[in-house]
J.: 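Take a look at the following structure, please.
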Amino acid sequence: MIESLVASALLLWTPLALAATGGLLNRVGGIVNIGLEGHMLAGALTAALVSGAAGDWLAGVAAAAATGALLGLLIPVPITRLGANPIVVGLGYNIMIAGVAGYLLSKLFGVSGTLRVPGLDPLPRLDLPFLAEVPVLGVLMSGKDPLFWLAVLALPAVSMLLRHTRAGLRLRAAGAGAETARSLGLPATRIRDQSSVLAGLLAGVAGAQLCLGQVGLFHTDMVAGRGFIALAAFYFGRSRPLPTAAACLLFAFFDAGQARVQTGGGAAHLLQTLPYLVVAVVLTVTGIRESRRRTRRAG
């Protein structure tokens, strides 16, 4: 029972961790990306169409990554060049992507909401030989898709990037203050654009995992707030990779738990709110913690 719950939570953790890692990089660079939800939805649709057309999951993932990266540029341009509010830009972007997706399904495929793509190639399941013999861990980590391992490997990679590379130092400098970074000769605007491209890329891959690794079809409501949960995760983790991943795992556990209780006959609508209630509690705790920290500094 417990092992099955953990395995389900790890499956649900993957898209959250990928999207949150991208959002984390964007926030370190100085932009709060509210558009992660739209990136994931665009990535899911692209992955479904390309995977079905090519009969290859890898082509679908690559196309989703490219789509997310390209659309990622739509977020910083109005913010950094025109001084637009990041929240308004992100919410408008999410609405636009959802509208475009619904329009394409209706006009090109004659369906509403759900698209089943013939020939869609789902993500394969991988077993790592050196983990297979490890008690408990071998069972939990068996049968994971390649994007799960990508999410796992992204954590130390991003941590190393931010702490020990010149690119990470430049990104943190641009996020700390654009004018100060420019006075040091850094192209702050371009650096922020690059962080937005990375955020879009990873969120697009997260959408591909939802489509090809979990449900095997596309639905206009399939992201279901996961982009906002990823946003809450990197806020709770204070833009640090490991705490952010831990927050994603916490949310995934509650999501998996409510799904299991609901299957057992619980109050469906009430239980579906559980992961989002946890997000609200986490954000409240984070806000209180930040307020107390500022008060101590002021005193």
Side-chain angles (χ1 to χ4, degrees), residues 8 11-12 14-16 18-19 22 33-75 89-125 145-148 199-231 252 255-256 258-259 262-263 268-269 271-273 275-276:
S8 297
L11 178 65
L12 297 171
T14 304
L16 292 179
L18 287 168
N33 195 331
I34 308 294
L36 295 175
E37 187 93 356
H39 293 331
M40 293 176 72
L41 188 64
L45 178 57
T46 304
L49 295 176
V50 175
S51 172
D56 183 5
W57 67 268
L58 187 57
V61 172
T67 299
L70 183 61
L71 293 177
L73 286 173
L74 296 180
I75 297 294
V89 171
L91 291 177
Y93 171 80
N94 290 335
I95 294 171
M96 180 191 74
I97 294 298
V100 169
Y103 176 81
L104 291 176
L105 261 60
S106 175
K107 293 300 180 181
L108 298 183
F109 303 101
V111 297
S112 176
T114 302
L115 176 65
R116 299 180 184 274
V117 181
L120 184 143
D121 186 32
L123 296 178
R125 303 296 169 179
D145 63 67
L147 298 186
F148 169 81
L201 186 152
L202 287 171
V205 173
Q209 200 279 338
L210 274 176
C211 178
L212 305 182
Q214 295 193 27
V215 297
L217 52 79
F218 174 80
H219 193 280
T220 51
D221 295 326
M222 68 185 304
V223 179
R226 287 178 174 85
F228 295 108
I229 293 177
L231 180 74
D255 198 4
Q258 67 86 16
Q262 184 178 331
T263 302
H269 295 296
L271 291 170
Q272 285 173 354
T273 66
Y276 308 101

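Because the structure is a prediction, the values reported are computed rather than measured.
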J.: Show me, pair by pair, the donor-acceptor contacts under 3.5 angstrom made by side chains of residues 36-55, not counting sequence neighbours?
T.:
from : atom 1 : to   : atom 2 : distance (Å)
E37  : OE1    : R226 : N      : 3.4
E37  : OE1    : G227 : N      : 2.8
E37  : OE2    : G225 : N      : 2.7
H39  : ND1    : Y93  : OH     : 2.8
T46  : OG1    : A42  : O      : 2.9
T46  : OG1    : T67  : OG1    : 3.3
S51  : OG     : D121 : N      : 2.9
S51  : OG     : D121 : O      : 3.1

J.: Please set out all donor-acceptor pairs under 3.5 angstrom arising from side-chain atoms of residues 204-213, sequence neighbours excluded.
T.:
from : atom 1 : to   : atom 2 : distance (Å)
Q209 : OE1    : Q214 : NE2    : 2.9
Q209 : NE2    : D145 : OD2    : 3.0

J.: Who passes salt bridge (Lys or Arg N to Asp or Glu O under 4.0 Å) against R116, sequence neighbours left out?
T.: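 With sequence neighbours excluded, R116 shows a salt bridge (Lys or Arg N to Asp or Glu O under 4.0 Å) to no residue whatsoever.
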J.: In the structure I gave you, are the side-chain heavy atoms of L105 and T220 within less than 4.5 Å of one another anywhere?
T.: yes
J.: Would M222 and L217 count as a side chain to side chain contact (heavy atoms under 4.5 Å, CB included) if you check the C-alpha gap in whole Å, the side-chain angles of each, and the deciding distance to 0.1 Å?
T.: CA-CA 9 Å; M222 68 185 304; L217 52 79; 5.8 Å; no
J.: CG/D255 to CG/L16 distance, rounded to the nearest 0.5 angstrom?
T.: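 Reported to 0.5 Å precision, the distance equals 7.5 Å.
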J.: Under the rule for side chain to side chain contact (heavy atoms under 4.5 Å, CB included), what residues qualify as partners of L58, not counting sequence neighbours?
T.: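 Here the qualifying residues are D56.
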J.: Kindly state each residue pair satisfying ring-ring contact (aromatic ring centres under 6.0 Å, His included) with at least one member in residues 53-72, sequence neighbours excluded.
T.: none
J.: To the nearest 0.5 Å, tell me how far L231 CG sits from I34 CD1.
T.: 4.5 Å
J.: Give the minimum heavy-atom separation between A19 and A230, together with the two atoms involved.
T.: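 So the two residues come closest at CB-CB, 3.8 Å.
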J.: Once you round to the nearest 0.5 Å, how far does CG of L11 lie from OG1 of T14?
T.: 6.0 Å
J.: Quick one: side chain to side chain donor-acceptor pair (under 3.5 Å) partners of S106, sequence neighbours excluded?
T.: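 If we apply the side chain to side chain donor-acceptor pair (under 3.5 Å) test to S106, skipping adjacent residues, there are no hits.
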J.: Which pair of non-hydrogen atoms, one from N33 and one from A199, has the smallest distance, and what is that distance?
T.: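 Heavy atoms only, the tightest pair is ND2-CB, 3.9 Å.
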J.: Can you list every ring-ring contact (aromatic ring centres under 6.0 Å, His included) pair that touches residues 95-118, not counting sequence neighbours?
T.: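 Applying ring-ring contact (aromatic ring centres under 6.0 Å, His included) to every pair that reaches into residues 95-118, excluding sequence neighbours, yields nothing.
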J.: Out of curiosity, L71 CG to L201 CG, how far, rounded to the nearest 0.5 Å?
T.: 11.5 Å
